[in-house]
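Order of the sequence lines sets the chain letters (A, B, ...), proteins ahead of strands, with each chain counted from 1. Values below: every heavy atom of this structure, side chains too, minus hydrogens, waters and symmetry copies.
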Number of protein chains: 2
Amino acid sequence: MPPAITAYKNHDRHLLAVDCIIFGFDGKELKALLIKRALEPAVGQWSLMGGFVQQNESVDAAATRILNQLTGLQDIYMEQLHCFGNVERDAAARVVSIAYFALIKIDDYNEALMNEHHAKWFSLNKIPALVFDHRQMIKLSRERLQEKVTSHPIGFELLPYKFTLQQLQALYEAVYNTRFDKRNFTKKILALDLLHKLDEKEKESSRKGAFLFVFDKKKYEQLNKEGLKFL
Amino acid sequence: MPPAITAYKNHDRHLLAVDCIIFGFDGKELKALLIKRALEPAVGQWSLMGGFVQQNESVDAAATRILNQLTGLQDIYMEQLHCFGNVERDAAARVVSIAYFALIKIDDYNEALMNEHHAKWFSLNKIPALVFDHRQMIKLSRERLQEKVTSHPIGFELLPYKFTLQQLQALYEAVYNTRFDKRNFTKKILALDLLHKLDEKEKESSRKGAFLFVFDKKKYEQLNKEGLKFL
DNA sequence: CCAAAAGTGTTATATATACACCCATGG
DNA sequence: CCATGGGTGTATATATAACACTTTTGG
């Protein structure tokens, strides 16, 4: 990249950060992954995982890098949420932050990296005090997740590869913070022709055992692009 | 604002721009307001109105300022669209841009300012070649407008204060790029209990004349917050 | 044999869609 | 008196919401 040409030269330059809201689902509750902030100011306070955008990387790439720094994961569903640009949002300096949210399988992470950052999962209903505007970021991301899930089948990103219908329903109930009728839910989700029923049963949560499903990758990708009407 | 503290000091700083997609509706077509770019590179090419974010202003404030520079308007419906952060997006330097879209009444602008920027309205179906990634910005903003309009009554921002049902329908048809049945449309919109029918008729477009409506500000604001299911 | 979760259909209601004619007016 | 756009209702199809009992099996 050449240096800024004359026409741009006199404009202010800004610190640009990325913050990641990382969602997980433990079968009962929607959770967000938080770390203990390692940087001044506010060292040791709970915070979203974040970092600065470098000169030679795209903002999206920065988000991917920062997610990977904490989780060790790659190829994760990630979406830009919003640019937070208030002058005073960071207590130490003017920093503009672009927030992203990511959906991961809650057991899928690198434990060493997580320990290194003192990361912990928090139920979305029990988020502790956070630095700066991170609470607002989580709030907005939750609303966005809800909207997104209504028209795109991204909920599966939060589930294990094989899952039961009740796990799926519990996930949607957690996202919408409501309850659904089991029969109506089953009917609707199966009608999408998106799931493939396995011969295998999950037997941990009941004596009878519940059939496991996987999603049909082709249908899934198609509906993810086209959109669907879920609820 | 104090200077960046030690912990932030070594991070790269970036040029931060704002670009505005300004929508208008002429009674038939959805249009976007474009200017002839005044800056190198690509001087004289069609472009969205944009500008740089200053050190002491929020990103939202920058967007408002830049919209005002072109139109002279204040208190305009404006929404952040997306942060465009590819390294090579601007041909001259690494510039991260935050795109906003605005809805204005198409006759409501300061002509002197518009002339100064060589601004012109373009039908969304006939957007000329644009600088950098501005075409992509317009595409995304159109999709977002469509989604937004489905759940929030923001369409009115594009109409004159008094409008006929046919103007309203034409607007929604333009946004969705489809046709609606007149009777069903009327039924639905009136059922929202959002419009107030005036005793006054608009007589330009027909001999009989069509009744004018205004929206009920209280209902409007309530539905704008709560959301609604429009179509 | 019993506790606990799995699985499964029908009906009622609400919403969405399709469709065509008369009205009022200015020229 | 007629051409033009304005205004209005009903019937059908589809989608959503409400609702309860039987099955399986490990202990």
Side-chain angles (χ1 to χ4, degrees), chain A residues 26-28 146 149-151 153 159-160 162-214 223 226-231, chain B residues 26-28 146 149-151 153 159-160 162-214 223 226-231:
Chain A
D26 68 358
K28 296 213 168 133
Q146 201 167 310
V149 142
T150 305
S151 54
L159 291 174
K162 299 173 182 179
F163 50 88
T164 65
L165 288 179
Q166 1 304 312
Q167 285 176 299
L168 185 60
Q169 180 172 345
L171 169 62
Y172 276 91
E173 289 178 343
V175 170
Y176 285 106
N177 196 31
T178 185
R179 305 297 309 270
F180 297 112
D181 178 87
K182 188 168 48 155
R183 282 166 292 189
N184 291 340
F185 182 87
T186 305
K187 221 182 305 170
K188 198 151 189 176
I189 195 82
L190 291 180
L192 290 176
D193 195 25
L194 180 65
L195 299 188
H196 181 227
K197 188 178 191 170
L198 302 177
D199 280 336
E200 200 176 336
K201 278 191 168 184
E202 188 281 321
K203 313 220 31 157
E204 311 241 320
S205 63
S206 77
R207 305 217 158 124
K208 186 176 178 181
F211 279 105
L212 286 163
F213 290 78
V214 295
L223 287 178
E226 285 175 13
L228 79 166
K229 207 180 148 210
F230 191 76
L231 288 172
Chain B
D26 68 357
K28 297 211 168 135
Q146 201 168 310
V149 141
T150 305
S151 54
L159 291 174
K162 301 171 181 180
F163 51 87
T164 65
L165 288 178
Q166 357 309 308
Q167 285 176 299
L168 185 59
Q169 180 173 346
L171 169 62
Y172 277 91
E173 289 179 343
V175 169
Y176 286 106
N177 196 31
T178 185
R179 304 299 307 272
F180 297 113
D181 178 86
K182 188 169 45 157
R183 283 166 291 188
N184 291 341
F185 183 86
T186 305
K187 221 184 307 172
K188 197 152 189 175
I189 195 83
L190 292 179
L192 291 176
D193 195 25
L194 181 64
L195 299 188
H196 181 226
K197 189 178 190 169
L198 303 177
D199 281 336
E200 200 178 335
K201 278 190 167 184
E202 187 280 322
K203 314 220 29 158
E204 310 240 322
S205 63
S206 77
R207 306 217 158 129
K208 185 177 179 181
F211 278 105
L212 286 163
F213 290 78
V214 295
L223 287 177
E226 287 176 11
L228 78 167
K229 207 179 148 211
F230 191 77
L231 288 171

S.K.: Side chain of B:Lys208, base of C:dA24: donor and acceptor closer than 3.5 Å?
M.R.: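 Donor-acceptor pair under 3.5 Å: no.
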S.K.: Could you check whether any side-chain N or O of B:Glu173 sits under 3.5 Å from a backbone N or O of B:Phe180, counting only pairs where one atom can act as donor and the other as acceptor?
M.R.: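 Yes.
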S.K.: When the distance from CZ of B:Arg179 to P of C:dA18 is rounded to whole Å, what number comes out?
M.R.: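 Answer to the nearest Å: 14 Å.
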S.K.: Would you call the rings of B:Tyr176 and B:Tyr172 parallel, tilted or perpendicular, taking 30° and 60° as the class edges?
M.R.: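 Plane angle under 30°, so parallel.
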S.K.: Whole angstrom is fine here: how far is it from CG in A:Leu195 over to P in C:dG7?
M.R.: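 Taking CG of A:Leu195 and P of C:dG7, I get 13 Å after rounding.
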S.K.: Is the shortest side-chain heavy-atom distance between A:Leu168 and A:Leu195 below 4.5 Å?
M.R.: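 Yes, at least one pair of side-chain atoms sits under 4.5 Å.
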S.K.: Enumerate the residues from residues 198-206 of chain B whose closest heavy atom to DNA chain D is under 4.0 Å, giving them by residue number; use none for an empty result.
M.R.: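 Nucleic-acid contacts, sorted: B:Ser205, B:Ser206.
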S.K.: Quick one: A:Phe211 CZ to C:dA6 P, roughly how many Å, whole number?
M.R.: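 Going from CZ in A:Phe211 over to P in C:dA6 covers 12 Å.
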S.K.: So which one's nearest nucleotide on DNA chain D is more toward 5', B:Thr164 or B:Asp181?
M.R.: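 Upstream on the strand: B:Thr164.
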S.K.: Distance from B:Gln166 atom CD to B:Thr186 atom OG1, nearest 0.5 Å?
M.R.: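 It comes to 7.0 Å.
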S.K.: Starting from the 5' end of DNA chain D, give me the residue, A:Lys182 or A:Gly209, whose nearest nucleotide shows up first.
M.R.: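 Result: A:Lys182.
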S.K.: Hey, is the main chain of A:Glu202 close enough, under 3.5 Å, to the side chain of A:Glu200 for a donor-acceptor pair?
M.R.: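 It does not hold such a pair.
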S.K.: Would the number of heavy atoms belonging to other residues, nucleotides or ligands and lying under 6.0 Å from NZ of B:Lys28 be above 12?
M.R.: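 It does not: B:Lys28 NZ has 12 such atoms or fewer within range.
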S.K.: Nucleotide range of DNA chain D contacted by chain B, 5' to 3', under 4.0 Å to a heavy atom?
M.R.: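 Going 5' to 3' along DNA chain D, contacts run D:dA3 to D:dT10.
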S.K.: Which part of the nucleic acid, if any, lies within contact of A:Lys187, taking any heavy atom under 4.0 Å across all strands shown: a base, the sugar-phosphate backbone alone, or nothing?
M.R.: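 If one applies the 4.0 Å heavy-atom cut-off, A:Lys187 turns out to touch a base.
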S.K.: For the atom pair CD1 (B:Ile189) and CD (B:Gln169), what is the distance rounded to the nearest 0.5 Å?
M.R.: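 B:Ile189 CD1 to B:Gln169 CD: 10.0 Å, rounded to 0.5 Å.
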S.K.: Quick one: NZ on A:Lys187 to CG on A:Asp181, what's the gap to the nearest 0.5 Å?
M.R.: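 Nearest 0.5 Å value for the NZ-CG distance: 7.5 Å.
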S.K.: Using rotation axes that map the C1' atoms of four end pairs onto the next four (five pairs an end), what angle separates the end axes of the helix from C:dC1-D:dG27 to C:dG27-D:dC1, to 10°?
M.R.: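 End-to-end axis angle for the helix from C:dC1-D:dG27 to C:dG27-D:dC1: 0°, rounded to 10°.
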S.K.: Calculate, to the nearest 0.5 Å, the distance between atoms CG and NZ belonging to B:Asp199 and B:Lys201 respectively.
M.R.: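 These two atoms lie 11.0 Å from each other.
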S.K.: Search all heavy atoms of A:Gly27 against all heavy atoms of A:Ala170 and return the closest pair with its distance.
M.R.: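 In this case the closest contact between A:Gly27 and A:Ala170 is O-CB, 3.7 Å.
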S.K.: By nearest nucleotide on DNA chain C, pick out whichever of A:Arg207 and A:Lys197 is the more 5' one.
M.R.: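 By nearest-heavy-atom nucleotide position, the 5'-most residue is A:Arg207.
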S.K.: Assess B:Lys197 against B:Phe213: is NZ or CZ under 6.0 Å from the centre of the six-membered ring, and within 45 degrees of the ring's axis?
M.R.: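 Relative to the ring axis of B:Phe213, which defines the angle, B:Lys197 lies outside at least one limit.
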